[in-house]
Amino acid sequence: MGKMAAVVGSVATLATDPGEDAFRKLFRFYRQSRPGTADLGGVIDFSAARSTGPDAPKVVKSQLSVSSVSEHNAHRAGLQPVSKWRAYGLEGYPGFIFIPNPFLPGYQWHWVKQCLKLYSQKPNVRNLDKHMTEEETQDVWEQSKEFLRCKEINKRRPRSLLEKLRWVTLGYHYNWDSKKYSADHYTPFPSDLAFLSEQIAAACGFQGFRAEAGILNYYRLDSTLGIHVDKSELDHSKPLLSFSFGQSAIFLLGGLRRDEAPTAMFMHSGDIMVMSGFSRLLNHAVPRVLPNPRGEGLPHCLETPLPAVLPRDSVVEPCSIEDWQMCASYLKTARVNMTVRQVLATDQEFPLEPVEEKKRDITTGSFCHLNDQNSQVKRARLNTDS
């Protein structure tokens, strides 16, 4: 059975923990996987539009609504015309759409810079807010410049604030304790990201999508995202959009129950995933961020600079060489993921909450799933206190 059989055999040799479900077992397998070996033979690569063996779900083409997004609006967001996008789904996962890098050459630079330089600032909420004063985190970007500039010279230097960043929330800020959103903890959602999200949603058949909440995850090479379901939004009829930038990762898409074995796929820089319909409430996780096979380098698609001349009404802004050099230094050993979701249905309001719950600090608690090996002790302590 080729590569898939080799992977199944490798998984079978793992020592099973008592009570370990099928998803957890594969999560553990890929977390320990060795790039460049048969370990990754069962991972679907949509950039090559192929399944990996007879046991893998069949990759099928997904139909997009080409007429729903004008070429002008696509260009404004830094996207190729929808007619040039490739879009795929998987048999057995209705509502799941994978779009391999639809960005115009160079335009990923803008979105990377926004994640690192703009979205990481107040009033957005960050993991740093729990453990540091407002003065200490006044300007994450500026404070990190000198650290990242000397990254190649001294790898034993202290970590910059950007390298300590694990998550940022936008719009309606997610409460990690109550696992809820609320009307009274909201800051304006970034207009450029809202516009990008609206174009992606419309192309996938979701005209009228409103970008109301976002969660940005900042991964180091040893980071993982644990098994979970995104179900806190009050309206599940709208899709979950996921944008990846930087180093590649393995994404696991499971079923409604964790005893269903997940399907593994690569997420490369620029790739976009849409989870809707049946797939909107499926278990998923990221067990592994993969180091660049060429060493500490960037993916090829990030080597092309952002064009100097942009459309007059583009939401994309120029990126200076100095800014990109800092972004590139960070991304050589990191990955950034943006997830965007609509929280409320049209004309829907948040239910009233008990006064005690409203008083809880939404910045308490560690990010529920994003872990890295260097924070095991801290994470255990945070989980105990929360």
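Residues take their numbers from the sequence shown, with the count starting at 1. Treat the numbers as computed from the prediction; the structure is a model and nothing was measured.
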Side-chain ([X]) to main-chain ([Y]) donor-acceptor, under 3.5 angstrom:
X      : Y      : result
Arg280 : Gly95  : no
Asp235 : Val343 : no
Arg166 : Glu163 : yes
His228 : Gly226 : yes

Note: [X]-[Y] ion pair, threshold 4.0 Å (strictly below):
X      : Y      : answer
Lys117 : Glu317 : no
Glu233 : Lys238 : no
Arg257 : Asp21  : no

Determine, for Tyr219 and Arg335, whether the Lys NZ or Arg CZ falls below 6.0 Å from the six-membered ring centre while staying within 45 degrees of the axis. yes
Cut-off 3.5 Å, side chains only: do [X] and [Y] have a donor facing an acceptor?
X      : Y      : result
His75  : Ser314 : no
Asn337 : Ser242 : yes
Tyr119 : Asp192 : yes

Side-chain heavy atoms nearer than 4.5 Å, only ILVMFWY residues, links allowed to pass through others: does that put [X] and [Y] together?
X      : Y      : result
Leu170 : Leu128 : yes
Ile200 : Leu104 : yes
Phe251 : Val60  : no
Leu116 : Ile215 : yes
Leu234 : Phe206 : no

Parallel, tilted or perpendicular: which fits the ring planes of [X] and [Y], with parallel below 30° and perpendicular above 60°?
X      : Y      : answer
Phe245 : Phe103 : tilted
Tyr330 : Tyr218 : perpendicular
Tyr186 : Tyr172 : tilted

How far apart are the closest heavy atoms of [X] and [Y], and which atoms are they?
X      : Y      : value
Lys113 : Cys319 : CD-SG, 3.9 Å
Ala328 : Leu298 : CB-CD1, 3.6 Å
Trp85  : Ala203 : CZ3-CB, 3.6 Å
Leu282 : Gly254 : CD1-O, 3.4 Å
Ala74  : Gln80  : CB-O, 3.6 Å
Ser120 : Val168 : CA-CG2, 4.1 Å

Apply side-chain contact (heavy atoms from CB on, under 4.5 Å) to Thr304 and Gln108, showing your working. CA-CA 9 Å; Thr304 303; Gln108 287 187 56; over 6 Å; no
So Leu40 and Phe266, side-chain contact (heavy atoms from CB on, under 4.5 Å) or not? Walk me through it. CA-CA 9 Å; Leu40 303 187; Phe266 290 112; 4.2 Å; yes
With a 6.0 Å cut-off (strictly less than), is the heavy-atom count around CD of Gln348, excluding the residue itself, greater than 12? yes
Return yes when atom CD of Glu303 has more than 12 non-hydrogen atoms of other residues, nucleotides or ligands closer than 6.0 Å, and no otherwise.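 Check passes, neighbour count above 12.
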How long is the straight-line distance from [atom2] of [Y] back to [atom1] of [X], given to the nearest 0.5 Å?
X      : Y      : atom1 : atom2 : answer
Glu198 : Ser68  : CD    : OG    : 13.0 Å
Leu193 : Cys115 : CG    : SG    : 7.5 Å
Ser320 : Met326 : OG    : CE    : 10.5 Å
Leu90  : Phe96  : CG    : CZ    : 5.5 Å
Phe209 : Arg341 : CZ    : CZ    : 9.0 Å
Ile97  : Cys204 : CD1   : SG    : 4.0 Å

Name the residue from Asn283, Leu252, Ile227 that meets the side-chain contact (heavy atoms from CB on, under 4.5 Å) definition with Pro262.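 Going through the options one by one, the only one that passes is Leu252.
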Which residues pass the side chain to side chain donor-acceptor pair (under 3.5 Å) test with Glu322, not counting sequence neighbours?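 Checked Glu322 against side chain to side chain donor-acceptor pair (under 3.5 Å); matches are Arg149.
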Between Thr224 and Tyr30, is a side-chain contact (heavy atoms from CB on, under 4.5 Å) present by the stated rule, with each step listed? CA-CA 10 Å; Thr224 64; Tyr30 283 113; over 6 Å; no
Pair Trp109, Cys327 - check side-chain contact (heavy atoms from CB on, under 4.5 Å), show working. CA-CA 8 Å; Trp109 280 28; Cys327 291; over 6 Å; no
Output, in order, the C-alpha distance, side-chain angles, deciding distance and verdict of side chain to side chain donor-acceptor pair (under 3.5 Å) for Arg126 and Thr137. CA-CA 10 Å; Arg126 312 155 301 180; Thr137 60; 3.0 Å; yes
